[in-house]
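Below is one structure, written out as structure tokens; the observations come after it.
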There are 2 protein chains.
Amino acid sequence: MTREVPTPRGTTDRRRERVTIRAVAARAGVSAMTVSNVINRAGRASPATVAAVRAAVEELGYVPNVVARRLARARATTVGVLYAGERTPFLDAILVGALRATNARGLQLVLYHEEQLSLDAAEGAVLSLARSGADALLLVPPFAELLCDSAVLAELALPVAAIATDQVAPGMSTVRIDNRAAMADLTALVVARGYRRIALVAGRRDYSVSAARIAGFQDALAAHGLPSEAGLIVEGGFDVASGEAAARRLLARDVRPDAIMCSCDDMAAGVIAEAHRRGLRLPHDLAVTGFDDTMVAARMWPSLTTVYQPAEEMAFRATEQLIGAGDGDLVANDLIVAHTIVERESTASLRAVIT
Amino acid sequence: MTREVPTPRGTTDRRRERVTIRAVAARAGVSAMTVSNVINRAGRASPATVAAVRAAVEELGYVPNVVARRLARARATTVGVLYAGERTPFLDAILVGALRATNARGLQLVLYHEEQLSLDAAEGAVLSLARSGADALLLVPPFAELLCDSAVLAELALPVAAIATDQVAPGMSTVRIDNRAAMADLTALVVARGYRRIALVAGRRDYSVSAARIAGFQDALAAHGLPSEAGLIVEGGFDVASGEAAARRLLARDVRPDAIMCSCDDMAAGVIAEAHRRGLRLPHDLAVTGFDDTMVAARMWPSLTTVYQPAEEMAFRATEQLIGAGDGDLVANDLIVAHTIVERESTASLRAVIT
DNA sequence: CTGAAAGCGCTAACAT
DNA sequence: ATGTTAGCGCTTTCAG
């Protein structure tokens, strides 16, 4: 219990008096502008002043007020994220990555959830995002596909970045992995573990990554001299239920596949559930793989062999690219980041399991 | 391809000219101040002016600039979230909830990740959060426990809210479920499904919810006349690995439990993995339950019976409470939200499974 | 009930 | 190399 003393310091004591740029300026014996220069532009002040200002900043514990900064600056200050569908672990990772990036620069992140997947709806979403202050856009699949030719979006002339897509469009930055190569790598692993009748639960057709992954799958089969049977590729909807449905179809075949690869972890969860339900012993009777390496991959059993797509990192990079676009030239560029094959228990080699 | 015409409108065309409050004022034939009044304070303007302003806002598509608003206002404008440990589905849900709440009011959300779980570290984190502009704090477990008696935090005099905790402290708002009742309800369900030797993988001791859940577990056992055997309660660390470890201990006992309840979904995932590994048939040989109903619960097999703790909603509410605390009186209050028992396959009744 | 003045904290653009 | 002036868009007094 501290004694109730009439507040001695300052006028109102309402909040701990913020240290402003003027306080620093006074302390360092320079003008506010000089402090600003020291902080923001390198080599605009003499070494002596820089030192003095730095010292003052240190002593006072000054941290620039991001709000004031944003108001004064002309550059982009709020990034809008446009996404659709249910929240998934993959999406959450993206949101957190974008949030970290905006946090780092004191910018605002605005979420917009649009359920409809039509061009009209997407354009409406973009418009209201722009209206509520977004001056840069981060697109989550499948909005890059939807908006790549949008006149409305072009008219707005905002920097736009799309993530986890295979749709590269002019005027739109992209941050993605090489989906085709990733799926080929993963398929090669499954083959190496001894599986031969390999099925694929592909993603939705309107997501550009889906086709790339199918191509990678077929690349690898061909490379290993395995036949690519049309019936062993079925289309899913990227969710658990569609994985279960696909597994039901695949496992009802006369000759069952001995491995089912999936275009996302959630569908793999569905496949695994269905396999368990039918009493199959995993991974001996059936290997399963996912894609993305979301948080669920290591939490199911058998733990899931999958491709790590660094969603959070990708969102972070894309957001930084968006932010950077404010001052520099806003060239759209296409960044391909590394993926990683993560081998877990769901593809344990046939031999190893028998042992 | 649109023709390249010298931009006719405005000076620079740099950005789509923002509609400012002054534009609206001009359109409505009033002063900027009146527009502000119409928007922010009810009943401060005559019905006629209100109508005129509303019309002007509508026609121009005016949306207030949140940055300018925040700079001008005195109230809380940036909420800091203090969290620790690995990112989990539960934590992500909290972050998204908080983000939605700040978005709704045009405020900033700042994340701070502190790995150390000591009072000193926590106070340091709070301080640097405050320094970087946070004027309200959202505490994720176990920071409420850590900081409830902190003099540093008290000195700062910021509104603070803690979420998903059982630690209610004066001067700190809380949003939580009734953990004891929730665990009792869930235990009652397990008993009702025919399981009798029920074990519990409790949470870490330094999280206040852990004790409450143990109490609820014991309440229910007592209510049903079942003995509470000390050896059947083991402490876990809220992660998958600790769930596996706990399952190893529990399943190695002479008389195996027929159900293992866990204080979070992740530990349940670990228990399920270990049970599968030992060749147990789930849920017949062993029922498992989780807690939280995170996104993994429905993605494992058997799908997990658990308690839905509305993490996103709780974070949203807590953040709103924090924001509201800015203008009104900052009374700390303790909000208990409803939990829901979610029954899935992991506790299918013994009879049903045998059929 | 309405509006004029002043300024939140910072940074362009221009002097000096 | 440094400082002056002006103003980002809004809201808080406090007068009319």
Side-chain angles (χ1 to χ4, degrees), chain A residues 11-12 14-15 17-26 28-53 56-57 60 62-78 105-108 131-133 135 326-327, chain B residues 11-12 14-26 28-53 57 60 62-78 105-108 131-133 135 326-327:
Chain A
T11 33
T12 351
R14 285 196 52 198
R15 296 248 166 272
E17 323 272 341
R18 285 235 178 292
V19 182
T20 79
I21 197 171
R22 276 187 272 274
V24 176
V30 296
S31 78
M33 204 51 237
T34 300
V35 175
S36 173
N37 281 149
V38 168
I39 293 176
N40 300 303
R41 329 187 199 193
R44 217 59 168 67
S46 72
T49 3
V50 170
V53 171
V57 166
L60 268 39
Y62 169 69
V63 174
N65 178 323
V66 292
V67 176
R69 190 171 3 229
R70 281 169 54 190
L71 183 58
R73 264 205 240 268
R75 331 237 182 106
T77 62
T78 120
R105 303 268 207 131
L107 306 187
Q108 183 94 0
R131 187 166 302 165
S132 58
D135 34 27
D327 37 35
Chain B
T11 33
T12 349
R14 286 197 50 200
R15 297 250 167 269
R16 175 140 284 88
E17 322 273 341
R18 287 236 178 289
V19 182
T20 79
I21 197 172
R22 278 188 270 273
V24 176
V30 294
S31 78
M33 204 48 242
T34 300
V35 176
S36 173
N37 281 150
V38 169
I39 294 175
N40 300 303
R41 327 188 201 194
R44 216 67 165 64
S46 71
T49 0
V50 170
V53 171
V57 166
L60 268 38
Y62 169 69
V63 174
N65 178 323
V66 293
V67 177
R69 215 219 277 280
R70 282 170 53 191
L71 183 58
R73 260 206 243 272
R75 329 233 184 110
T77 62
T78 122
R105 302 269 207 130
L107 305 188
Q108 183 92 0
R131 187 166 303 167
S132 59
D135 34 28
D327 37 37

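A, B, ... follow the sequence lines: proteins, then strands. Residue 1 opens every chain.
- For the side-chain contact (heavy atoms from CB on, under 4.5 Å) test, residues two or more places apart in sequence or in another chain that qualify with A:Thr49 are A:Val30, A:Thr34, A:Ala45, A:Ser46.
- Heavy-atom minimum distance, A:Ser31 versus A:Ala25: C-CB, 3.6 Å.
- The minimum heavy-atom distance between A:Arg22 and A:Ala32, with the atom names listed, is CG-CB, 4.3 Å.
- Side-chain N/O atoms of A:Thr34 include none lying less than 4.0 angstrom from OP1 or OP2 on D:dT2.
- Applying the side-chain contact (heavy atoms from CB on, under 4.5 Å) rule to B:Val57 yields the partners B:Val24, B:Val53, B:Tyr62; only residues at least two apart in sequence or on another chain are considered.
- One can place CZ of A:Arg70 at 13 Å from C1' of D:dC8, the figure rounded to the nearest angstrom.
- Across its full length, the helix from C:dC1-D:dG16 to C:dT16-D:dA1 shows an angle of 30° between the axes of its 5 terminal pairs at either end, rounded to 10 degrees.
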B/S/- contact track for nucleotides 5-10 of chain C, protein heavy atom under 4.0 Å: --BBBB
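- Put simply, CG on A:Asn65 and CZ on A:Arg70 are 10.0 Å apart, with the number rounded to the nearest 0.5 Å.
- Contact annotation: B:Arg41 side-chain N/O to D:dT12 OP1/OP2 distance is under 4.0 Å.
- Residues forming a side-chain hydrogen bond (donor to acceptor under 3.5 Å, both in side chains) with A:Ser36 (at least two apart in sequence, or on another chain): A:Asn40.
- Between the CG atom of A:Asn37 and the C1' atom of C:dC14 there is a distance of 13 Å, rounded to whole Å.
- By the side-chain contact (heavy atoms from CB on, under 4.5 Å) test, B:Ala26 is found to be paired with no residue, residues two or more places apart in sequence or in another chain being considered.
- Taking 4.0 angstrom as the limit, A:Thr49 places a side-chain polar atom (N or O) nearer than this to OP1 or OP2 of D:dT2.
- Separation of atoms CG (A:Leu60) and OG1 (A:Thr20) is listed at 9.0 Å; rounding is to 0.5 Å.
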